[in-house]
Protein chains: 2
Amino acid sequence: MTIPNTRLSDPIAEARRQWVEHGWADASTGMAIVTSITRAEQLFLKTIDAELRPFDLSFSRYEFLRLLAFTRQGALPLSKASARLQVHPTTVTSTVDRLEDQGFVQRVPHPTDRRTTLVEILPEGRRVVDAATSTLNAAVFASLGLSESEASSLLELLTRLRAAHGDLDEKV
Amino acid sequence: MTIPNTRLSDPIAEARRQWVEHGWADASTGMAIVTSITRAEQLFLKTIDAELRPFDLSFSRYEFLRLLAFTRQGALPLSKASARLQVHPTTVTSTVDRLEDQGFVQRVPHPTDRRTTLVEILPEGRRVVDAATSTLNAAVFASLGLSESEASSLLELLTRLRAAHGDLDEKV
DNA sequence: ACCCAAAGGTAGGATTTCCGACTATTTTAT
DNA sequence: ATAAAATAGTCGGAAATCCTACCTTTGGGT
């Protein structure tokens, strides 16, 4: 661990206290929630990246392979991947570059639309993503340290939160 | 908006279904929670960055100034900031470089320990961080789109989640 | 039929973050 | 008292992400 961990008991609780003290009580819970989410994301990302290192995958590349492996054909236009994963088109380009270098996927021209490029998962990619999924399921996802009912509540609240911020509508 | 948004109603719910279908039901809730947190973080970061753009601040630089403004002396050793914000020392170095260029903070040698450098917030930095805080409180934190009781529950569950992942103990 | 806007993808550049290696200082242990 | 270990900060480099700008192809409106 390279980051020193001399801290008060909880920096977020501390910040919230400051918020209230400064007369921002009405925004203090929101601030604490957003900060907690940021922090939780960092923690999970760190754990997940550590678990994925043996597979030479980052979380985003894992998510990409996972998506690809779930599709019927094992192939997808880059633009579809960009929309599904909600990442910028140029990010998809470089992700695919990397995965192609690793021999996990391959670019294939679209049969009818010559603008479009398909990414196709290769057998090696399928093997790796399945192994990585087993690892993540066992080491991270299977137990987050919450009870069954707490986990359900949390998921529902997070879903509601995403909905409130326009992450579900715009089906198009 | 540069990222196209042609999606199924909810990609996370979709992924969860796939998880169950593949026999990973026991890990499906955990997967959905982690993915939701990642996604929520992206959404908030995007909103916050947009609100902070007029101040020429990123969220991390904002957090840094906010921390500094809360201290008694308006100054802190770099190492303390690294520990409090849980970011890598080299990240602190470059953040301070940037803030110093902007005229928001200034490096000052520690009076007794010649290894240590203090960062001190300047009047302009204080002005900016207070204005930015007002903006964020009004535009983001004050209403997340949840009821009072939902927000309380969510914060408590997130805190429990962080605790379960060792984000609170190690007081040292 | 034809033209122009829209869609798909990539190149180059900027920002942020981490890691490993390094220097300088301070503290600890023998 | 001195050698070894810990602490504080920085430099160079890698990775991920976004943005703007650009090229090619497609498709709709007239």
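Each chain gets a letter, A, B and so on, in the order its sequence line appears, and its residues count up from 1.
Contact annotation: B/Thr93 side-chain N/O to D/dT10 OP1/OP2 distance is under 4.0 Å. For the OP1/OP2 pair of D/dT7 and a distance below 4.0 Å, the side-chain nitrogens and oxygens of B/Ser79 include no atom meeting the criterion.
Rounded to a whole Å, the CD atom of B/Gln86 is 10 Å from the P atom of C/dC18. What separates CD1 of B/Ile48 from C1' of C/dT16 is a distance of 16 Å, to the nearest Å. Whole-Å rounding puts the B/Leu85 CG to C/dT17 C1' distance at 14 Å. Taking atom CG on A/Leu43 and atom P on C/dC18, their separation rounds to 12 Å, with Å as the unit. One interatomic measurement links the two molecules: CD of B/Glu41 to P of D/dT17, which rounds to 12 Å at whole-angstrom precision. Nucleotide C/dT17 holds its P atom 13 Å from the CG atom of A/Leu45, rounded to whole Å. In this structure, A/Asp56 atom CG and D/dA15 atom P are separated by 9 Å, rounded to whole Å. Going from atom CG of B/Asp97 over to atom P of C/dT17 covers 13 Å, rounded to whole Å.
In this structure, the side chain of B/Gln86 engages the main chain of B/Ala83 through a donor-acceptor pair within 3.5 Å. A donor-acceptor contact shorter than 3.5 Å is absent between the side chain of A/Thr35 and the backbone of A/Ala32. Not a single donor-acceptor pair under 3.5 Å links the side chain of B/Arg98 to the backbone N or O of B/Leu57.
Comparing C/dG9, C/dC18, D/dT20 by their closest approach to the side chain of A/His88 singles out D/dT20.
Annotation: the span from B/Leu155 atom CG to B/Leu146 atom CG amounts to 11.0 Å, rounded to 0.5 Å.
Judged by distance alone, the side chains of A/Ser28 and A/Arg17 never bring a donor and an acceptor atom under 3.5 Å apart.
Partner of A/Phe141 under the side chain to side chain contact (heavy atoms under 4.5 Å, CB included) criterion, out of B/Asp26, B/Ile33, B/Val34: B/Val34 alone.
Below 30°, between 30° and 60°, or above 60°: for B/Phe70 and A/Trp24 the angle between ring planes is between 30° and 60°, a tilted geometry.
The salt bridge (Lys or Arg N to Asp or Glu O under 4.0 Å) analysis of residues 135-149 of chain B, with sequence neighbours excluded, yields no pairs.
For the contact set between residues 106-119 of chain B and DNA chain D, defined by any heavy atom under 4.0 Å, the members are B/Arg107, B/Arg115, B/Thr116, B/Thr117. Residues from residues 57-72 of chain B placing a heavy atom under 4.0 Å of any atom in DNA chain D do not occur.
Below the 3.5 angstrom threshold, one finds a donor paired with an acceptor across the side chain of A/Thr90 and the base of D/dC19.
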**Asked** Would A/Arg66 and A/Asp130 count as a salt bridge (charged side-chain N to carboxylate O under 4.0 Å, His left out) if you check the C-alpha gap in whole Å, the side-chain angles of each, and the deciding distance to 0.1 Å?
**Response** CA-CA 8 Å; A/Arg66 188 67 275 168; A/Asp130 284 344; 3.7 Å; yes

